[in-house]
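Have a look at the structure below before the remarks.
Just follow the structure's listing: the first ligand is 1, and inside any ligand the first atom is 1. Counting from 1, the numbers follow the sequence of the chain as shown.
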Amino acid sequence: MAALFLTGLSLLPDTAFGQEIPSLKDTFRNDFGIGTALNMAQIEEKDPQMTAFIVRQFNMATPENIMKSGLIHPKWDTYAFEPADKLVEFGKKHNIRINGHTLIWHSQLPPFVRGIQSRDSVRAFFTNHIKTVAGRYAGKVFSWDVVNEALNEDGTMRKTVFLQHLGEDYVTEAFRLTQQAAPNTELYYNDYNNEQPAKRAGCIALVKKIQAAGVRIDGVGIQGHWHVGRVPLKDIEESILQYAALGLKVMITELDIEVLPRNFQGAEVSRQMAANAESNPYPDGLPDAVQQQLAADYQALFRLFLKHKDKITRVTFWGVNDGLSWLNNWPVRGRTNYPLLFDRKNQPKPAFYKVVSLK
Ligand code: XIL
């Protein structure tokens with residue numbers, strides 16, 4: 001307290017630290033973990049109020065960008081471990097479990113991968129990357145999204161540099177290598193829209209293939225980038241049941257609910273949408289009707305998660321508050337979006353109260 005007083009922070013109202021707001025992680029303590037995506041400023045604890053808020057609300061975290069291959073492995077022989085090391089320290093200090101995100105993904109790759117032509121070089125990158133990164137964080141991160149987004153919407157394998165050069169078994173191979181490098185770390189497959197029937201079937205086939213090869217997979221992440229008024233609760237429930245039936249833990253790994261106009265579903269990060277006069281309808285605040293729909297959607301989702309709490313181990317939001325959400329800049333730059341439970345000042349929205357009222 002003395003230190004806070006000296007820096008003048010004690011002059012701020014209590015609400016600044018959110019101590020009077022119910023805590024999500026405590027509310028769902030006996031049900032599942034509650035996670036958030038963290039950006040670099042949060043990992044570096046640039047803002048003590050933000051740190052206090054994160055620590056009070058969340059007990060699990062996923063790095064929003066810093067562990068992606070393009071950032072952690074910028075050159076063939078060069079790794080940039082410092083941000084991820086800081087994240088591990090952050091987790092240790094604040095009792096927050098870290099989910100590594102992500103080892104093998106077609107997006108945010110290091111630039112040098114684009115120049116690789118031969119199968120041998122792709123294999124060398126693939127193997128070195130997994131061994132080095134998963135090895136370094138063995139025992140330090142709780143889990144890995146080993147492979148991210150390997151599937152097309154119809155359930156077939158996405159044509160990536162890995163599929164092209166290594167063939168369909170690359171997913172199994174990624175799990176095998178990660179298991180060797182980090183034997184005590186939980187291993188997950190993560191995707192968006194994998195609650196949709198066709199993609200779900202592809203995901204199940206992928207999991208069965210890994211299992212049939214005698215390789216360990218512990219869970220499936222359903223990213224959970226959904227749309228207000230159109231959350232596919234039935235498909236989500238069916239997916240939870242079917243994934244759990246394979247002996248897997250189920251996680252919601254990147255939850256947010258889009259409230260702005262969008263002409264497609266999903267979360268392919270390379271996809272963009274042209275801006276027009278209607279693309280940013282709420283720059284000054286969310287209309288009450290949409291706010292209430294968002295609250296109802298979040299409540300229905302958490303009701304479903306609670307119903308299946310024996311199968312769901314974690315629910316992670318893709319960002320701490322609306323102002324920090326990637327959806328302000330994707331698929332259109334510079335919009336004002338409202339997809340999370342906390343507003344731009346970390347104040348709880350009606351959706352937050354609907355969610356905690358379930359307990
Ligand atoms: C997003 C980040 O939030 C952005 O900051 C970045 O510019 C692009 O990637 N699926 C994933 C996440 O698995 O890694 C993506 O994160 C969102 C979609």
Side-chain angles (χ1 to χ4, degrees), residues 35-44 50 54 58 60-74 80 83-84 87 98-111 113 129 133 141 143-153 158 160 162 171 174 178 187-196 199 203 206 219-227 250-258 260 262 264-273 314-342 344:
T36 183
L38 292 180
N39 65 31
M40 197 57 218
Q42 292 165 329
I43 293 164
E44 289 186 327
M50 179 57 92
I54 291 166
F58 304 102
M60 301 198 164
T62 300
E64 186 172 1
N65 286 300
I66 56 144
M67 281 182 137
K68 292 171 179 173
S69 63
L71 286 93
I72 204 167
H73 189 174
L87 173 67
I98 305 300
N99 172 55
H101 176 81
T102 170
L103 291 169
I104 296 300
W105 187 31
H106 65 278
S107 287
Q108 294 180 275
L109 284 164
V113 171
H129 181 73
V133 178
V141 298
S143 53
W144 270 110
D145 293 334
V146 177
V147 177
N148 197 32
E149 302 175 355
L151 294 165
N152 293 315
E153 298 308 289
R158 187 196 281 267
T160 67
F162 305 113
V171 176
T178 312
L187 311 180
Y188 308 142
Y189 175 75
N190 193 52
D191 214 326
Y192 63 81
N193 285 353
N194 56 342
E195 77 283 352
Q196 297 298 315
K199 199 159 179 179
C203 192
L206 205 61
V220 164
I222 299 172
Q223 290 185 7
H225 296 292
W226 291 309
H227 296 253
V250 182
M251 278 141 285
I252 310 299
T253 52
E254 305 183 12
L255 181 56
D256 49 26
I257 299 183
E258 174 74 274
L260 300 182
R262 180 102 74 80
F264 66 96
Q265 281 185 37
E268 168 51 46
V269 299
S270 65
R271 194 139 174 196
Q272 290 181 337
M273 216 175 87
R314 165 166 66 92
V315 178
T316 293
F317 294 88
W318 206 240
V320 172
N321 73 38
D322 284 346
L324 301 169
S325 165
W326 73 305
L327 293 177
N328 293 297
N329 290 304
W330 180 90
V332 180
R333 289 203 77 79
R335 298 203 290 183
T336 307
N337 219 328
Y338 305 85
L340 297 165
L341 296 187
F342 299 106
R344 287 167 162 72

(Q) The criterion is side-chain hydrogen bond (donor to acceptor under 3.5 Å, both in side chains); which residues satisfy it with N193, sequence neighbours excluded? (A)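 N193 satisfies side-chain hydrogen bond (donor to acceptor under 3.5 Å, both in side chains) with E153 only.
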(Q) I'd like to know whether the aromatic ring centres of H225 and W330 sit less than 6.0 Å apart in this structure. (A)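 Aromatic pair excluded; centres sit 6.0 Å or further apart.
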Q: Specify the closest pair of heavy atoms between V147 and A174, including all atoms of both residues, with the distance to one decimal.
A: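 Taking every non-hydrogen atom into account, CG2-CB, 3.7 Å.
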Q | Any residue meeting salt bridge (Lys or Arg N to Asp or Glu O under 4.0 Å) with R158, in chain and number order, not counting sequence neighbours | A |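 R158: salt bridge (Lys or Arg N to Asp or Glu O under 4.0 Å) contacts with E268.
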Q) Does a donor on one side chain and an acceptor on the other come within less than 3.5 Å for W226 and E195? A)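 Per modelled atom types, W226 and E195 side chains form a pair under 3.5 Å.
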Q: Can you run down the salt bridge (charged side-chain N to carboxylate O under 4.0 Å, His left out) pairs that involve residues 315-333, sequence neighbours left out, and say none if there aren't any?
A: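 Residue pairs passing salt bridge (charged side-chain N to carboxylate O under 4.0 Å, His left out), neighbours aside: D322-K349.
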Q) Under a 4.0 Å heavy-atom cut-off, which residues neighbour ligand 1? A)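 For ligand 1, the residues that come within the 4.0 Å heavy-atom cutoff are E64, N65, K68, H101, W105, Q108, N148, E149, Q223, H225, E254, A267, V269, W318, W326.
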